Trainee: 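One structure coming up, written as structure tokens, with questions to follow.
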2 protein chains.
Amino acid sequence: MTTMPGPVLGDLDARVAQRLATGGVRYTKGRRLVVRALGRAGGPRSAAELHGRLRPGIPLSSLYRTLTVLADAGVLARSHDGHGVALFELAEWLRGHHHHLVCVECGRVEDVDVGDEHERTLTGVVLAVGAAGDLEVTGHRIDIEGVCGACRA
Amino acid sequence: MTTMPGPVLGDLDARVAQRLATGGVRYTKGRRLVVRALGRAGGPRSAAELHGRLRPGIPLSSLYRTLTVLADAGVLARSHDGHGVALFELAEWLRGHHHHLVCVECGRVEDVDVGDEHERTLTGVVLAVGAAGDLEVTGHRIDIEGVCGACRA
DNA sequence: CACTATAATGATATTGATTCTCACAATACA
DNA sequence: TGTATTGTGAGAATCAATATCATTATAGTG
Ligand SMILES: [Mn+2]
Ligand SMILES: [Mn+2]
Ligand SMILES: [Zn+2]
Ligand SMILES: [Zn+2]
């Protein structure tokens, strides 16, 4: 019913290292920490959230730069929480294509793997609508909004 | 193929006036200007964009307050361009449910009415996926990304 | 193992969007 | 009309994010 949970996190470091190497970008300690933290996270995270979780108190300014570098290198994808705060997650080629469950109460965002069957359906509609709107479609973003289990309790 | 373009803009003022009245909020000149401008717009707009278009130079600070008031009153929906800039559009009950075509080149965002058939399909998948993810679904947001006609030319 | 060139970091200043403050003006309505 | 309430405008303040720049770490090189 659901797709495979995407590429294993085991070789995450290796895959990122590879990618950064080809770009002449160093895979430093701080960058590793950020990549691993996002590998563990179940959804996109803000700089502030990451700053709170990262043990060796990486300065916020460095963290922002790290996030920018990784995003520019294509390792991270940047999105937004809808209230002025940027969110980061592993890029699709690392994490696998997925969508988001957004709790309208607490604001929590969780990854959700839609499954091949459903994804095919979505892609079909998206392509048709995009073409009708004179758009050369390259992708789509879907947020499913609702109230999470925690907030219903 | 496409749905009706949503509620007519003719009674836009009346409907907004009604809504604001029940909340004890005045429908002032500046607020009317903003609502009408967004009624004419073909997609979500930033405060800066609106500021540029509005004839009687409404101060930016007032414009921001107006946008906030209208959003709080449920007349406007607030979203985000992903680069630190908030976007505003008429709420669904005024504009009708729709989605967005986003040009990854120029950043332009355009409304798109998906059509009942496609919308039913999307809603079906969204409900199924949300339920599977323990989310009490209340809505969904879909951005179709690609390259617009202008940018291909 | 030093030595040098290059890239990364951290502390701080700065930007830019948005929000807040507060004195003043407009509006509702008794 | 008089008075309470709500809205406005100009500027200060806030906050996420970025830029600066001196310092430190790293990859190579001999
Ligand atoms: Mn998808
Ligand atoms: Mn829809
Ligand atoms: Zn929640
Ligand atoms: Zn474009």
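All values below were derived from every heavy atom in this structure, side-chain atoms included, with hydrogens, water molecules and symmetry-related copies excluded. Everything numeric in this text was worked out from a predicted model, so none of it was measured.
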Trainee: Show the atom names and distances, to 0.1 Å, of all donor-acceptor pairs under 3.5 Å that link a side chain in residues 19-30 of chain A to residues at least two apart or in another chain.
Mentor:
residue : atom : partner : partner atom : Å
A/Arg19 : NE   : A/Ala73 : O            : 3.1
A/Thr22 : OG1  : A/Arg19 : O            : 2.9
A/Tyr27 : OH   : A/Asp13 : OD1          : 2.6

Trainee: Under 4.0 Å between any heavy atoms, over every strand shown, what does A/Arg31 touch: base, sugar-phosphate, or nothing? Just pick one.
Mentor: sugar-phosphate
Trainee: Quick one: side-chain hydrogen bond (donor to acceptor under 3.5 Å, both in side chains) pairs with a partner in residues 102-112 of chain A, sequence neighbours left out?
Mentor: A/Arg95-A/Asp111, A/His98-A/Asp111, A/His100-A/Asp111
Trainee: Show the nearest heavy-atom pair for residues B/Ala47 and B/Leu67, with the distance to one decimal.
Mentor: CB-CD1, 3.9 Å
Trainee: Mind checking if B/Ala48 touches a base, just sugar-phosphate, or nothing, with heavy atoms under 4.0 Å?
Mentor: nothing
Trainee: When all nucleic acid strands are considered with a 4.0 Å heavy-atom cut-off, which category describes A/Thr28: base, sugar-phosphate, or nothing?
Mentor: sugar-phosphate
Trainee: For B/Arg120, which residues count as a salt bridge (charged side-chain N to carboxylate O under 4.0 Å, His left out) partner, sequence neighbours excluded?
Mentor: B/Glu117
Trainee: Please report the interatomic distance CG(A/Asp113) to NE2(A/His118), rounded to the nearest 0.5 Å.
Mentor: 13.5 Å
Trainee: If the condition is side chain to side chain contact (heavy atoms under 4.5 Å, CB included), which residues does A/Leu127 pass it with, not counting sequence neighbours?
Mentor: A/Thr123, A/Val137
Trainee: Quick one: on DNA chain C, does B/Arg65 or B/Val85 contact a more 5' nucleotide (nearest heavy atom)?
Mentor: B/Val85
Trainee: Identify every side-chain donor-acceptor pair in residues 144-153 of chain A under 3.5 Å, counting partners at least two apart or on other chains, and give the distances.
Mentor:
residue  : atom : partner  : partner atom : Å
A/Arg152 : NH1  : A/Val147 : O            : 2.8
A/Arg152 : NH1  : B/Asp134 : O            : 3.4
A/Arg152 : NH2  : B/Asp134 : OD1          : 2.7

Trainee: Which pair of heavy atoms, one from B/Gly139 and one from B/Val126, lies closest together, and at what distance?
Mentor: O-CG1, 4.4 Å
Trainee: Under the rule for side chain to side chain donor-acceptor pair (under 3.5 Å), what residues qualify as partners of B/Glu49, not counting sequence neighbours?
Mentor: B/Ser46
Trainee: Can you give the first and last nucleotides of DNA chain D, 5' to 3', that have an atom under 4.0 Å from a heavy atom of chain B?
Mentor: D/dT5 to D/dG11
Trainee: Distance-only, no hydrogens or angles: does the B/His51 side chain make a donor-acceptor pair with backbone N or O of B/Ile58 under 3.5 Å?
Mentor: yes
Trainee: Base, sugar-phosphate, or nothing for B/Thr68, non-hydrogen atoms under 4.0 angstrom?
Mentor: sugar-phosphate
Trainee: Once you round to the nearest 0.5 Å, how far does CZ of A/Arg40 lie from CZ of A/Arg53?
Mentor: 9.5 Å
Trainee: If a pair satisfies side-chain hydrogen bond (donor to acceptor under 3.5 Å, both in side chains) and one of its residues is in residues 61-82 of chain B, list it, with sequence neighbours excluded.
Mentor: A/His80-B/His80, B/Ser62-B/Arg65
Trainee: Considering only heavy atoms, which members of residues 16-27 of chain A lie under 4.0 Å from some atom of DNA chain C?
Mentor: A/Val25, A/Arg26
Trainee: Under 3.5 Å, is there a donor-acceptor pair between the A/His140 and A/His97 side chains?
Mentor: yes
Trainee: Describe, as an angle rounded to 10 degrees, how the axis at the first end of the helix from C/dC1-D/dG30 to C/dA30-D/dT1 is tilted relative to the axis at the last end, five pairs per end.
Mentor: 20°
Trainee: Taking 5' to 3' order, which nucleotide of DNA chain C is first and which is last to have an atom within less than 4.0 Å of a heavy atom in chain A?
Mentor: C/dT6 to C/dT12
